[in-house]
Amino acid sequence: MLSMSGINKVYHTDLVQTHALRDFNLNVKEGEFVSVTGPSGSGKTTFLNIAGLLESISSGEYLLDGQSVVGLSDKDLSRLRNEKIGFIFQGFNLIPDLNLYENVDVPLRYRGFNYRQRKAKIEQALEMVGLAARLKHLPSQLSGGQQQRVAIARALAGEPKFLLADEPTGNLDSLMAKQVLELLQNINKQGTTIVMVTHDADLARRAERNIQIVDGQLCDFKMYQGGQFANQQTAIA
Amino acid sequence: MFTYYLQLALKSLRKTPFSTALMVIAIACGIGISMTALTLNHVRANNPIPEKSAQLFSLQLQASGKDSSWTTSDNVPLQITYQDAVNISRLLPEYNHTPMFKTSFAVRSLKPSFTPILKNARVTNRHFFSMFKLHFKYGSTWSKAVDENPANQVVIDEQLNQKLFGGGDHVGEQIYLNDEKFRIVGIIEHWQPAPKFYDLNNGAFDKAEQIFVPISLTTSTELNSSGNNNSWKNERVNTYKEKLASEMLWLQYWFELPNQQAQDKAEQVLDGYIAQQKKLGRYERDDARAELQNVVQWLAYRKVVDDDSNVLVGVSFLFLSVCLVNTIGLLLAKFLRSAPNVGVRRALGASKGQVFAQHLVEVGVLGFLGGLVGLIFAQIGLTILKTQFDGYDVLASMDLTMLFAAPVIAITATVLAGIYPAWRVCSTLPSIYLKTQ
């Protein structure tokens, strides 16, 4: 699903060059649930932005669903992002002026679905997260957990193959976090590949595989089975 | 996607009513001022008789004294003498042409209770009406015989007819012009060419006359011109008879020459007339000649659209650009404030082009609203001009072209102004906002 090899990402300022990712290699198989951990400033967010086609790479090769994304135009990258990737953010990132229906509608609009198709997909997605009755509510009228569920509905409405979650439970209390995580696990069981960045070690253990990024490099690789930490350290990918 | 962008634009504008109002007012001020100036310029530049403007020719004669000079660009006087008018009116009988001048009368109906009103009148021949496309509501012009043998006949317009009689067909009835009775032979529909091309002496937007009397009455009634009277010759002009025989220039003269052949013929005949007058010793100048200019050439020659009005349009558009610069600032602030939402849209699959288009549509809606309010401002400006200053009745009126032009100019100008803010917001790196929102 996702194949990164020899990825380097360098940020340039007038005086300093910062290597956010260096010789970064990672393969994520279709249907996998991978958690990404690492200390602050290690390059997790850069990895997520590159994986989500929001930032370009300085060098290396990135194949998304078998297609190289290096050198693609903004239009092609946007189309790929729209069709193949769903985003879930720590801060939910719902558009505050749009109601739930309109928020979930956003990626579908850019996909070019007609009104009937969009309506069906929006209702189905909101149904899945248990918010079908609140179509006309604004995000500000919902709790944090509900907002994150809407964000998940929005990410899934276009039926992407690949879900990128950045600290999806970071702003939620433990009960809400549990619900959201269960939702993500269900989604994964239905075949969607998930890559989740988190600080939370417990949360990371719920994934099938955990990778650790330190100083822009993949330095640790752990496999879990059935959501249990197997304490198995493997070679760096 | 356009309707989606439109929905988003309306939502966004409603969300920030204060800054939206500020931007609309800024655009409206610029559009209001520039449309006012543009309307004045547009009316000045109007072709008042497009279907015949290439066939109607104003006549000028370079027949003044050797050393006399005129304010025209080619030093040819604008008007002609009475004797030239009479002589030339006898030439080229196969074509319509008319000498004319402006006079004024105290007008009243036969009712003793009617208070006389002072009105300008045009003294001309019967061809005037067909040449300049005046339409008769009742009756018609006077006969050819009246052009040759004076008779107290008059054509009035429907507005004067309304004032004198309360409207209706009053052909055959009599009115007083000064102290003489005149019989109404025709009532024309209201006629107001803008510019008043056939006689620009008292301003290009002077009101057209409402009374028309035969030029054959000039001698018998001793009608005086209330337009310009220009003299170059030191001669005795104590009586009306002496005025008619003098070299005083006070009549306008127009030809209707339907094709090139007619124009060539007219030039040839007029050249012959000039040569004859030279031979008689009346025309002193070596460069004595006749000049014919069609309506469009005539309006350009008379500088109806003068440099001042072009400068005014330029200044008004400068003002519009100042308003737009202010709008750019407000737009930048507004768009950059919404950059986090743009980041979300980009993450969800919007391309830079789509984000750019979305914001340009919003700017276009702003421009449209600014254009509409600007139209109201322009109407207010034109009304103030009409009510506060003389001579703006005709000039300060917005036609359909200007009505449609206002929103088009507003949208175009605002979209151009919005390109930079829209480009700024669409080129922002979305990842910056996704983490920090």
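Please read all numbers here as calculations on a predicted model, not as lab measurements. Below, chain A is the first sequence line, B the second, and so on; all start at residue 1.
The shortest side-chain heavy-atom distance between F335(B) and V363(B) falls under the 4.5 Å cut-off.
In this structure, the portion of R154(A) lying under 4.5 Å from any heavy atom of chain B is its side chain and not its backbone. Residue D97(A) touches chain B through both its backbone and its side chain, counting heavy-atom pairs closer than 4.5 Å.
Note: N82(A) leads L164(A), L77(A), N82(A) in heavy-atom pairs under 4.5 Å with chain B. For the set D76(A), N49(A), D105(A), the entry with the most heavy-atom pairs within less than 4.5 Å of chain B is N49(A). Residue with the most contacts toward chain A among K15(B), Q7(B), R345(B), M1(B): R345(B) (heavy-atom pairs, distance under 4.5 Å). Counting heavy-atom pairs under 4.5 Å between each of T46(A), V106(A), L80(A) and chain B puts V106(A) at the top.
Contact check on K352(B) versus D74(A) returns no salt bridge, with no Lys/Arg side-chain nitrogen under 4.0 Å from an Asp/Glu carboxylate oxygen.
Residues T37(A) and N210(A) have side chains that bring a donor and an acceptor to within less than 3.5 angstrom of each other. Using modelled atom types and a 3.5 Å distance limit, the side chains of N8(A) and S58(A) yield no donor-acceptor pair. E55(A) and Y11(A) share a side-chain donor-acceptor pair at under 3.5 Å.
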